[in-house]
Amino acid sequence: MILQHWGATRDEIDGPMPGDHLCPDARLVATRAISLAVPPEEVFPWLVQMGFGRAGWYSYDLLDNLGRRSARRINPEWQGLVEGDVVPGGPISFRVATLRAPQALVLELASRKGATGRVRFTLAYLLAEEADGTRLVSRVRARMNIPAGSVLEHLVLGPVDGIMVRRQLLNIRRRTAATRVS
């Protein structure tokens, strides 16, 4: 699959991530990672403010933010996220399943049917301190219990998500470097 494990080490791919238990039977599992030259506490605020109508997703704004430019700075008004909050994602919404500053943020697809819905999707971010900054690891887990769900997961969702998340991680690296707190 395109960019399924972009930037990730074997240990990151095989290791556990926060939120893995929310979609234990995922057919699509993709782990991507990047090193950032800032500490986790300077990266985490960028993650907390993500969302449609908020800071955006730092990816391809035309696709995931209806052409509105993703934030170029930390916005204090978007920093009050707590577990259980809803994060708008455009036509869908996510629920904050895990929030442990500055180490982990896990979003799961918000569904009226809860975790037993026909489509399950989680997006997890893990920040690990490195000697020169932060290792930012992202994992997507998905399962579509719909006709042709497996095909959609691997031929559509996986590649599109890979392209979008790669861009997101690169843009987070650019933003954290540009706004480095000295």
Measuring only between side-chain heavy atoms, which start at C-beta, is [X] closer than 4.5 Å to [Y]?
{"X": "Leu127", "Y": "Leu47", "result": "yes"}
{"X": "Arg32", "Y": "Val165", "result": "yes"}
{"X": "Asp11", "Y": "Asp14", "result": "no"}
{"X": "Pro40", "Y": "Thr134", "result": "yes"}
{"X": "Val82", "Y": "Asp85", "result": "yes"}
{"X": "Arg95", "Y": "Leu107", "result": "no"}
{"X": "Val140", "Y": "Thr122", "result": "no"}
{"X": "Met17", "Y": "Val137", "result": "yes"}

If you look at every heavy atom in [X] and [Y], which pair is closest and at what distance?
{"X": "Ser70", "Y": "Ser59", "result": "OG-N, 4.4 Å"}
{"X": "Leu109", "Y": "Val119", "result": "CD2-O, 3.6 Å"}
{"X": "Glu83", "Y": "Thr98", "result": "OE2-CA, 3.5 Å"}
{"X": "Ala71", "Y": "Arg175", "result": "O-NE, 2.6 Å"}
{"X": "Ala104", "Y": "Pro18", "result": "CB-CG, 3.9 Å"}
{"X": "Asp20", "Y": "Gly15", "result": "OD2-O, 4.4 Å"}

How long is the span from the [atom1] atom in [X] to the [atom2] atom in [Y], to the nearest 0.5 Å?
{"X": "Ser150", "Y": "Leu157", "atom1": "OG", "atom2": "CG", "answer": "11.5 Å"}
{"X": "Met144", "Y": "Glu153", "atom1": "CE", "atom2": "CD", "answer": "6.0 Å"}
{"X": "Arg100", "Y": "Leu105", "atom1": "CZ", "atom2": "CG", "answer": "10.5 Å"}
{"X": "Tyr60", "Y": "Met164", "atom1": "OH", "atom2": "CE", "answer": "8.0 Å"}
{"X": "Asn145", "Y": "Arg118", "atom1": "CG", "atom2": "CZ", "answer": "8.0 Å"}
{"X": "Ile172", "Y": "Leu136", "atom1": "CD1", "atom2": "CG", "answer": "5.5 Å"}

**Message:** For Trp46 and Tyr58, take the angle between the two ring planes, folded into 0 to 90°, and tell me which bin it lands in: parallel under 30, tilted 30 to 60, perpendicular over 60.
**Reply:** perpendicular
Indicate if [X] and [Y] have the same hydrophobic cluster label, given that clusters are the connected sets of ILVMFWY residues with side-chain heavy-atom separations under 4.5 angstrom.
{"X": "Val86", "Y": "Leu22", "answer": "no"}
{"X": "Tyr125", "Y": "Ile13", "answer": "no"}
{"X": "Ile92", "Y": "Val160", "answer": "yes"}
{"X": "Ile34", "Y": "Leu123", "answer": "yes"}
{"X": "Leu126", "Y": "Met50", "answer": "no"}

**Item:** Residue among Gln168, Arg173, Arg167 satisfying side-chain contact (heavy atoms from CB on, under 4.5 Å) with Asn171
**Value:** Arg167
**Asked** Does Arg27 offer a backbone N or O that forms a donor-acceptor pair with the side chain of His154 under 3.5 Å?
**Response** yes
**Message:** I'd like to know if Arg143 and Asp25 make a salt bridge, using a cut-off of under 4.0 Å between side-chain N and carboxylate O.
**Reply:** yes
Side chains of [X] and [Y]: do they bring a donor and an acceptor to under 3.5 Å?
{"X": "Thr31", "Y": "Arg139", "answer": "yes"}
{"X": "Arg135", "Y": "Ser35", "answer": "yes"}
{"X": "Asn65", "Y": "Arg68", "answer": "no"}

**Residues that Phe44 engages under ring-ring contact (aromatic ring centres under 6.0 Å, His included), provided they are two or more places apart** = none
**Request:** Sort out for me which residue in Arg54, Gln79, Arg73 forms a side-chain hydrogen bond (donor to acceptor under 3.5 Å, both in side chains) with Gln49.
**Result:** Gln79
**Prompt:** Under 6.0 Å from the CG atom of Asn75, do we count more than 12 heavy atoms belonging to anything else shown?
**Reply:** yes
**Message:** My understanding is that only residues two or more places apart in sequence, or in another chain, count here; which of them pass side-chain contact (heavy atoms from CB on, under 4.5 Å) with Arg166?
**Reply:** Leu3, Trp6, Leu170
